[in-house]
Amino acid sequence: MAKALLGYVGGPDPRLLAEMRRLQQRVQDLESELVRMQAENDALTVASREESLLSSIDVTHAEPALA
């Protein structure tokens, strides 16, 4: 019954298997790219927080240095 639902009666179609392997590899590639981009995004987020801490210092109201 499952074979009839998939639309073929014989054994597995080699073209279909090749396409499945290609798509599985593409999914793995995209997942690894996603992990890489998330790590890069996290690093950029940390860097932007550090910069925002420095830019939050109000220089106009800073106390003068003692001479």
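Atoms CD and CG, from Q28 and L23 in turn, are 11.5 Å apart once rounded to the nearest 0.5 Å. Rounded to the nearest 0.5 Å, atoms CE (M37) and CG (L30) are 10.5 Å apart. The structure places CD of Q25 at 13.5 Å from CE of M20, a figure rounded to the nearest 0.5 Å.
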Report task. Could you walk me through whether T45 and N41 pass side chain to side chain contact (heavy atoms under 4.5 Å, CB included), step by step? Result -> CA-CA 6 Å; T45 300; N41 188 44; 4.1 Å; yes

Query raised in the report: Yes or no on side-chain hydrogen bond (donor to acceptor under 3.5 Å, both in side chains) for D42 and Q38, after CA distance, side-chain angles and deciding distance?
Result: CA-CA 6 Å; D42 292 344; Q38 285 173 335; over 6 Å; no

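Ionic pairing of R15 and E19 is not present here: no N-O contact between side-chain nitrogen and carboxylate oxygen is shorter than 4.0 angstrom.
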